Number of protein chains: 2
Amino acid sequence: MKYERYHFGANLVLEIISGKWKPSIICSLDARPKRYNELKAYLQRVNGQPIAQKVLTEQLRQLENDLIVKRTDYHTVPPKVVYSLTDDGQRIHDFLIEMSRVGENLAQHLASADQPIAFDYSYQQMIHHQKGELHAKS
Amino acid sequence: MKYERYHFGANLVLEIISGKWKPSIICSLDARPKRYNELKAYLQRVNGQPIAQKVLTEQLRQLENDLIVKRTDYHTVPPKVVYSLTDDGQRIHDFLIEMSRVGENLAQHLASADQPIAFDYSYQQMIHHQKGELHAKS
DNA sequence: CCGAATCCTAAGCGATACTG
DNA sequence: CAGTATCGCTTAGGATTCGG
């Protein structure tokens, strides 16, 4: 990516986190680092929709270039690659939690004028789970 | 727009503000409400790039549906239409300021590993100008 | 196990022309 | 002045196939 000039800092943040799966990726790596296929399966579970391998790789590469995600390749056979959050990635994650709080407030108004809006994970849950992995619904 | 289910509240916020000009529109209407062509000219000035009429109308309609922007039509000839922020729009604007602070911090790291990144308006300026319109660079 | 390469579709954005 | 209507380009995302 080529960074040059922005009207606001907000535009830089948006450029970095805009991508269908990026917010979910960042939040998935918060609890603990994950291997590639582990992350892929996790994303599918929490979002109820499969992510194409090409897309996951693309978005991980971009997040890596933007210093949000760190890629660790163990160079073994068979391969083992682990993805984790950088310090900036952790800050973006914290910001996404705050963003979720704003979103849930907006949803109340939008829902009253339209239809109920459901969130799988509230920002309260996100805060609560910051130090512990979510349990899979077995 | 059809709201249904989201993984996080963050995804709702992103859906609402994602659009090339939406963040700029929201920030432009903060200082004071603006008429259509006034807003159009303002956006072109601060972003150094013209916005297509079709696109501006589209994004304004969407922001109106999402309860971010209020459209006031005076039904006169010639027409006079004024756009302003709703309460939720104001909250989103405040959030964009916070987002700019985060972005400017990220930029320091990205710039050191890449190239310098310039912001036309810092979040400090945004705060300072919340109660007063920006001066045009004459 | 973790990808790369290719092809395809839908949507965002923009240019242009026209209108009450 | 504040829009609509139409068309074309570009890009993000996804399905599929192949490789170290």
Side-chain angles (χ1 to χ4, degrees), chain A residues 1-2 6-7 11 14-26 28-29 33-44 46-66 68-84, chain B residues 1-4 6-7 11 14-26 28-29 33-44 47-66 69-84:
Chain A
M1 197 184 293
K2 191 184 173 193
Y6 300 90
H7 187 203
N11 286 335
L14 286 171
E15 189 171 313
I16 288 177
I17 67 174
S18 78
K20 181 171 177 181
W21 301 85
K22 284 183 185 175
S24 296
I25 290 172
I26 293 168
S28 299
L29 294 179
K34 287 184 176 60
R35 297 181 62 172
Y36 182 87
N37 278 333
E38 188 185 2
L39 175 59
K40 190 168 184 297
Y42 184 87
L43 286 170
Q44 170 155 10
V46 298
N47 275 0
Q49 189 187 6
I51 174 174
Q53 172 264 319
K54 178 201 147 202
V55 177
L56 177 55
T57 303
E58 269 178 6
Q59 308 215 342
L60 282 171
R61 293 281 180 278
Q62 291 167 10
L63 288 172
E64 196 188 351
N65 278 329
D66 294 337
I68 303 301
V69 156
K70 182 170 178 289
R71 180 181 186 273
T72 306
D73 191 338
Y74 288 88
H75 297 291
T76 56
V77 178
K80 175 178 177 179
V81 178
V82 169
Y83 291 93
S84 56
Chain B
M1 194 185 295
K2 191 186 172 192
Y3 317 98
E4 276 193 347
Y6 301 90
H7 187 201
N11 285 335
L14 286 171
E15 189 172 313
I16 289 176
I17 67 175
S18 77
K20 183 171 178 182
W21 300 86
K22 284 183 185 175
S24 295
I25 289 172
I26 292 168
S28 299
L29 294 179
K34 287 183 175 62
R35 296 180 63 172
Y36 183 88
N37 279 334
E38 186 185 6
L39 175 59
K40 189 168 185 298
Y42 184 86
L43 287 171
Q44 170 155 10
N47 276 357
Q49 190 188 3
I51 175 173
Q53 234 172 21
K54 178 202 148 203
V55 177
L56 178 54
T57 303
E58 269 176 6
Q59 309 216 343
L60 281 171
R61 292 282 181 278
Q62 291 166 10
L63 288 172
E64 196 188 353
N65 277 329
D66 295 336
V69 157
K70 181 169 180 289
R71 179 181 186 273
T72 306
D73 191 339
Y74 288 88
H75 297 291
T76 56
V77 179
K80 174 179 178 178
V81 178
V82 169
Y83 291 92
S84 56

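In the text below, chain A, chain B and the rest are named by the order of the sequence lines, each starting its count at 1. The figures here come from the full heavy-atom set of this structure, side chains too, leaving out hydrogens, waters and symmetry mates. All of these numbers come straight from a predicted model, not from anything done at the bench.
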**OP:** Indicate, with a heavy-atom threshold strictly under 4.0 Å, whether A/Y74 touches base, sugar-phosphate, or nothing.
**Re:** nothing
Original post:
With sequence neighbours excluded, what pairs up with B/T57 under the side-chain contact (heavy atoms from CB on, under 4.5 Å) test?
Top reply: B/Y36, B/R61
Subject >> Any A/Q59 side-chain N or O less than 4.0 Å from OP1/OP2 of D/dG13 >> reply: yes
**OP:** Could you list the residues that satisfy side-chain contact (heavy atoms from CB on, under 4.5 Å) with A/P33, not counting sequence neighbours?
**Re:** A/V82, A/S84
Original post:
Rounded to whole angstrom units, what separation is found between the NZ atom of B/K80 and the P atom of D/dC1?
Top reply: 13 Å
**OP:** Would you mind reading off the distance between B/K40 atom NZ and D/dC1 atom P, rounded to a whole angstrom?
**Re:** 12 Å
Subject >> Footprint string (nucleotides 14-20 of chain D, 5' to 3'): B base within contact, S backbone only, - free, heavy atoms under 4.0 Å >> reply: BB----B
Original post:
Once you round to the nearest 0.5 Å, how far does OG of A/S28 lie from CG of A/L39?
Top reply: 6.0 Å
**OP:** Using the heavy-atom set of chain B and a strict 4.0 Å cut-off, write down the first and last nucleotide of DNA chain C that makes it in, 5' to 3'.
**Re:** C/dC13 to C/dG20
Original post:
Please give, in whole Å, the distance from D/dA12 P to A/R61 CZ?
Top reply: 17 Å
Original post:
With no hydrogens and no angle check, is any side-chain donor or acceptor of B/K40 less than 3.5 Å from a backbone partner on B/L56?
Top reply: no
Original post:
When rounded to the nearest 0.5 angstrom, what is the spacing between CD1 in A/I51 and CD1 in A/I25?
Top reply: 5.0 Å
**OP:** With sequence neighbours excluded, tell me which residues meet side chain to side chain donor-acceptor pair (under 3.5 Å) with A/N11.
**Re:** none
Original post:
Do A/L63 and A/Y83 touch side chain to side chain, with heavy atoms closer than 4.5 Å?
Top reply: no
Subject >> Terminal axes of the helix from C/dC1-D/dG20 to C/dG20-D/dC1 (five pairs each): angle between them, nearest 10 degrees >> reply: 40°
